[in-house]
S.K.: 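For reference, the structure I am asking about is given below.
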Amino acid sequence: MAKVLSSRKEDYAQWYNDLVIKAGLAENSAVRGCMVIKPYGYAIWEKMQSVLDRMFKDTGHSNAYFPLFIPKSFLSREADHVEGFAKECAVVTHYRLKNSPSGKGIEVDETARLEEELIIRPTSETIIWNTYKNWIQSYRDLPLLINQWANVVRWEMRTRLFLRTTEFLWQEGHTAHATKDEAMEETMKILDIYAKFAKNWMAMPVIQGTKTENERFAGAVETYSIEALMQDGKALQSGTSHFLGQNFAKAFDVTFLNREGKLEYVWATSWGVSTRLMGALIMAHSDDKGLILPPRLAPIQVAIVPIYKKAGELEMISAKVEEITRKLTANGITVKYDDRDTHKPGWKFAEYELKGVPVRLAIGPRDLEKGTIELARRDTLEKNVYPVEGIENRIKELLDEIQETIYRKALDFREANTFRADSYNEFKEKVETKGGFILAHWDGTSETEQKISNETRATIRCIPLESEKEEGKCMVTGKPSSQRVIFAKAY
RNA sequence: CGGGGUGUGGCGCAGUUGGCUAGCGCACUUGCAUGGGGUGCAAGGGGUCGGAAGUUCGAGUCUUCUCACCCCGACCA
């Protein structure tokens, strides 16, 4: 078989890149740092979107859309926020082009300078809170539960397809509440939705936790995240949910009259997941032959390849396939029958493996005779021959089984790559030789975290929500600590 | 912004040491065979060698300038 991908062992980063491109998910564009998401990749994103969108709506949220442009002055209203984003903003300064005096090409018309520059949103808190000010007068207007699906731009120095691109797609939820408790409850509710989505749909186990001050969203009081472990032992932050306190309410003067007739600032949250989830999905499960997609997010769940010599055979096979397809479709399964005559079966097998299609069926003259069909599953690469009769039931079960199996595999991997370290030396050694999640005691200070990060390049991914309290001493300073936190090298 | 690298048909590359008809693999087109794991044979189409200036009888190749992209670091979801 022709080798299409680098192997994970050889060069993990190259393997990832090859995979994204060869599987037809995305490619680099003419614009530096910006990608083109290709139809197959976008189909997966659309599936993610539709599931998440349903989950948001089921919990009372509505979609809306706010502008791409943000007046420069808005961004500076919340001090931490501007501090956090200032270094990576694209700025619109002019609104007109003109023909070059030389006659060749066009240039910016310097006379068309904007009075106030516009920032291309790196996130929408500011424009949204500026708007909410007008929407919220009374406790009766609360809670306000809004989500938007949008693109944002963060001028990153180094980009990688899906994992970090200059422009990316995401959803950002922005909610306003009458009380602190309610806002906190919302923050946690969304974190839970993200974790459930990762687990049940992406088949990716995640750890929920609190971010340290260093890693907190600029402008948030508290940031929570879901953290996943990739196959190379690096962590990937896959979603964040922020409790914003009253920071933005104060910055944008968003107040409401409570039941007692007293004016109060509202309490806020914001939360998001992005096309980075695509990167997580790819790296969580795939192997050296290509993608492995969880059935619940696969654009094609079953590919059917006919094997034939003469046109007459193809006709008979196609008739049988049509029958099978009808049954599968009736069971809610997405099927692609690949009867292209331009590629041989072997080529198609490799292609569907590269694209991560969970189940592949092959049917030829021998099968027609015997009333059988060959079934191959992508996750284990097992091939077996089954009677055609009732194959839809087998496949239906199998898709659930694959979903479960790859989740299990990812979870086993994470467990096998989660370590405890009780001294700084042991910690350094683990970071160096093993990677993965490392649980260790930390004194809670930014200084210590910074020192560890500088010396080992591992950072605190989160302070896990669900973990037993354990008295201990910070591995660096020896100061008391009440629980282990999760360290890892991260994307 | 620092360090390294690369620009030659759609993609991946050779050719630069040694200056003179621009080549290979994949992909593409056509035909025949083939078809149960990336088919074989044959015949075709496609490139002013990233750009500009220079040296020269002659430049993909030498000189200078320039542009773009990729990789590694600092920043980040």
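Letters go in sequence order (proteins before strands), and every chain restarts at 1.
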S.K.: Can you check the A:Tyr386 OH to B:G36 P distance for me, whole Å?
M.R.: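 Nearest whole value for this atom pair: 22 Å.
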
S.K.: Strictly by Watson-Crick or wobble contacts shorter than 3.5 Å, is anything paired with B:U16, and which nucleotide is it?
M.R.: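 The base-pairing partner of B:U16, which may sit in any strand shown, does not exist here.
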
S.K.: How close or far is atom P of B:G10 from atom NZ of A:Lys38, stated in whole angstroms?
M.R.: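 From A:Lys38 NZ to B:G10 P: 16 Å.
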
S.K.: Can you see if the side chain of A:Arg32 gets near the phosphate of B:A68 - specifically, an N or O under 4.0 Å from OP1 or OP2?
M.R.: no

S.K.: A:Met157 CE to B:C75 C1': how many Å, rounded?
M.R.: 5 Å

S.K.: In whole Å, I'd like the distance from the CD1 atom of A:Ile21 to the P atom of B:C69.
M.R.: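 Whole-Å distance recorded here is 16 Å.
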
S.K.: Looking only at N and O atoms, is any donor in the side chain of A:Lys383 or the base of B:G36 less than 3.5 Å from an acceptor on the other one?
M.R.: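 Flag unset: no donor-acceptor pair detected.
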
S.K.: Which base, if any, makes a Watson-Crick or G-U wobble pair with B:A52, both distances under 3.5 Å?
M.R.: B:U64

S.K.: Would you mind reading off the distance between A:Asp18 atom CG and B:C11 atom P, rounded to a whole angstrom?
M.R.: 16 Å

S.K.: Where does the angle between the aromatic ring planes of A:Trp129 and A:Tyr132 fall among parallel (under 30°), tilted (30 to 60°) and perpendicular (over 60°)?
M.R.: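 Because their plane-to-plane angle is over 60°, the rings of A:Trp129 and A:Tyr132 count as perpendicular.
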
S.K.: Are OP1 or OP2 of B:G36 and a side-chain N or O of A:Lys344 less than 4.0 angstrom apart?
M.R.: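 The answer is yes; a side-chain N or O of A:Lys344 sits under 4.0 Å from OP1 or OP2.
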
S.K.: Under 3.5 Å, is there any donor-acceptor pair linking the side chain of A:Arg360 to the base of B:G37?
M.R.: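 Check passes, donor-acceptor contact within cut-off.
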
S.K.: Run the ring pair (Phe, Tyr, Trp, His ring centres under 6.0 Å) test against A:His81 and tell me which residues pass, sequence neighbours left out.
M.R.: A:Phe85, A:Phe217, A:Phe248

S.K.: In whole Å, what is the span from the CG atom of A:Leu375 to the C1' atom of B:G36?
M.R.: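 To the nearest whole Å, that distance equals 15 Å.
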
S.K.: Base, sugar-phosphate, or nothing for A:Phe217, non-hydrogen atoms under 4.0 angstrom?
M.R.: nothing

S.K.: Tell which nucleotide pairs with B:G44, taking only Watson-Crick or G-U wobble pairs whose two distances are both under 3.5 angstrom.
M.R.: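 The answer is B:C28, by the H-bond criterion.
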
